[in-house]
**Student:** 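Have a look at this one before I ask anything.
Letters A, B, ... mirror the listed sequences (proteins, then strands); counts begin at 1.
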Number of protein chains: 2
Amino acid sequence: MKPVIVVHGGAGRIFKDREDGCRSGVTRAALKGYGILKHGGSALDAVEEAVVVMEEDPHFNAGCGSVLNEKGEVEMDAIIMDGKNLASGAVSAVKCIANPIKLARLVMEKTDHMLLTDQGASAFARGMGVPEVPGEKLITGRSLERWKKNLEADSNPQQFQKDLGTVGAVAIDSAGNVACATSTGGLTNKRVGRVGDTACIGSGGYADNNVGATSTTGHGESIMKVVLARLILYHMEQGKSPGDAADSALDCMKTRVGGLGGVIVISNSGDWAARCSTQEMSWATVKDDQLHYGIHAGEWHTQPAEEAISSLGC
Amino acid sequence: MKPVIVVHGGAGRIFKDREDGCRSGVTRAALKGYGILKHGGSALDAVEEAVVVMEEDPHFNAGCGSVLNEKGEVEMDAIIMDGKNLASGAVSAVKCIANPIKLARLVMEKTDHMLLTDQGASAFARGMGVPEVPGEKLITGRSLERWKKNLEADSNPQQFQKDLGTVGAVAIDSAGNVACATSTGGLTNKRVGRVGDTACIGSGGYADNNVGATSTTGHGESIMKVVLARLILYHMEQGKSPGDAADSALDCMKTRVGGLGGVIVISNSGDWAARCSTQEMSWATVKDDQLHYGIHAGEWHTQPAEEAISSLGC
């Protein structure tokens, strides 16, 4: 099987000043994951490392750069899933760690559980020797400014909640295994303890070697209502292509619950799609050593992966 | 539409000394919910109140009677869902409240979110005026004894984890709306912060007026891997009856991930099923003013609802 990776940097309204950073961020992430796959690495390693790249990039709403909750804190959710055995690990409402996706993988591999939350997730992180980072280290000037604006009497938090920026990746490795990973800071000015779709298996992501893998982004509560990730794979089980399955599921979410979002999908034969019902979604993929990426509807850049690696210096 | 309610008191190994209490508990819960439906109440009210009856009954692993985590505390998860608009509310890892299902409903109706966890859920409960109960009030002698036994060097926690006892209800009201509710104390001696299937939409329950509603019980991590509740409704969308859909989904969970459990299902035409792949599951239903209930495979008691209400004094 030829390895393929697809990543997204979130669906919603991507403001002009953030576009270049998002393009660069998703291409770096996709190239990083593809490098792992090309060297015989697993889909699981590829999606984890691709997400780590975006968690560490302040352009995205995950890890450093996460939006702030009502108290001005970063509280994050993440999930990872292995299509081989349906194993999965997730964390919800975690604070003060740089890479929630790594903690999610530890939950999958070092516990009998699949989801650890809040204080229990923090205790587990400490037990695993995951370094605690001061909460402020994850807060960017942009996040802080937005949070403060939302506290003003005449604010419009909905406006900023459209700029969502959850990150995710799906991949297939040379052994034919698929995997997905998703990580997010959630909704701007959310209540303390709000958990969105990302930490919920079947909503924020799903991976099954019998079908494929998907990672979702968009309005979390709408994604949960239709269990979006699992819905996409059901459509593929019924014979739909990744693109048609994604379109059908996003359409269902829009018509049934009025929610918008975006998804990346890969099939177990290596076909892929990146679709959104929002205005924009940053995405990138590498297949057959060719990098493809875009943000706006119809935007599609192609470049040899080697050339992109040289020009990005990654 | 004729109203119908189905409840379960958990799938697993039900020990002899607990059988009578479980039979009585599920029948009381089903009769309570049915009374609401017969007086024109909503499916949502019926499933909530049926689950409250079982949360307050120490025979079940939900509310008072919940199993204890590794620290000897009660930490609970609950979810409720409205099939009319796919609205849902859930809480995870909540402590010191008597009825997590009521808090889940408040999340659904009083916030823009769908899942609140741990400290944030507690803060929300306080804000809503939900009374805090001392943690000890939820701990039964049986839970404490079991927890202590599991801490002994030669203990076999797996043995007790088979006695699961999550509770749940599904219903259809006279307007044709379906709803589901599920509540649990989770796994015996679980890690602090472990969240299981119950709080995850599509795993612990799902309700959609276009198809029906279901509530699940059993090994939480296995249920999550196959997103069991949503899987059952997919089978029904493909034309399967509630019973066949339940059997197919439980069979998939057993063969694919080696997990056992039980489910209750109702279709949007009022057909219902209660199935399990475990040794036992306590269940009860009321339809056409007739109460049906059982625990063991093949056990099926029938009694006029009025007569059962008189004899139980409820």
**Student:** Between the side chain of Y206(B) and the main-chain N/O of V227(A), is any donor-acceptor distance below 3.5 Å?
**Tutor:** no

**Student:** Taking every non-hydrogen pair under 4.5 Å, which of I201(B), V192(B), L86(B) racks up the most with chain A?
**Tutor:** L86(B)

**Student:** Looking at Q119(B), is its backbone amide N or carbonyl O close enough to the side chain of D118(A) to form a donor-acceptor pair, meaning the two atoms are under 3.5 Å apart?
**Tutor:** yes

**Student:** Taking atom NZ of K190(A) and atom CG of L116(B), what is their separation to the nearest 0.5 Å?
**Tutor:** 11.0 Å

**Student:** Taking every non-hydrogen pair under 4.5 Å, which of A123(A), A199(A), C200(A) racks up the most with chain B?
**Tutor:** C200(A)

**Student:** What part of V195(B) is in contact with chain A, defined as an atom under 4.5 angstrom from a non-hydrogen atom: side chain, backbone, both or neither?
**Tutor:** both

**Student:** Could you tell me which non-hydrogen atom of E221(A) sits nearest to which non-hydrogen atom of D112(B), and how far apart they are?
**Tutor:** CG-O, 3.4 Å

**Student:** Side chains of T117(A) and S92(B): donor-acceptor distance under 3.5 Å anywhere?
**Tutor:** no

**Student:** How close do L231(B) and R230(A) get, heavy atom to heavy atom, and via which atoms?
**Tutor:** CD1-NH2, 4.4 Å

**Student:** Show, in sequence, the C-alpha distance, side-chain angles and deciding distance for M114(B) and D197(A), and conclude whether the side chain to side chain contact (heavy atoms under 4.5 Å, CB included) test is met.
**Tutor:** CA-CA 9 Å; M114(B) 283 171 67; D197(A) 59 303; over 6 Å; no

**Student:** Do T111(B) and R194(A) have side-chain heavy atoms sitting under 4.5 Å apart?
**Tutor:** no

**Student:** Is Q238(A) close to chain B through its backbone or its side chain, or both, or neither, when contacts mean heavy atoms under 4.5 Å?
**Tutor:** side chain

**Student:** Quick check: does any side chain N or O of H113(A) sit under 3.5 Å from a backbone N or O of G196(B), one acting as donor and the other as acceptor?
**Tutor:** no

**Student:** Do you know which of M81(B), E75(B), R191(B) has the most heavy-atom pairs under 4.5 Å to chain A?
**Tutor:** R191(B)

**Student:** Please rank N210(B), V107(B), N69(B), V91(B) by heavy-atom pairs under 4.5 Å with chain A and give me the top one.
**Tutor:** N210(B)

**Student:** Which atoms of V226(B) come close to chain A, meaning under 4.5 Å heavy atom to heavy atom: side chain ones, backbone ones, both, or neither?
**Tutor:** both

**Student:** Check whether any side-chain heavy atom of N85(A) lies under 4.5 Å from a side-chain heavy atom of R256(B), and answer yes or no.
**Tutor:** no

**Student:** Of all of S88(B), G193(B), G120(B), which one pairs up most often with chain A through heavy atoms under 4.5 Å apart?
**Tutor:** G193(B)

**Student:** Take atom NZ in K240(B); do more than 12 heavy atoms of anything else shown fall under 6.0 Å from it?
**Tutor:** yes

**Student:** Within the 4.5 Å heavy-atom criterion, are M224(B) and L115(A) side-chain neighbours or not?
**Tutor:** yes

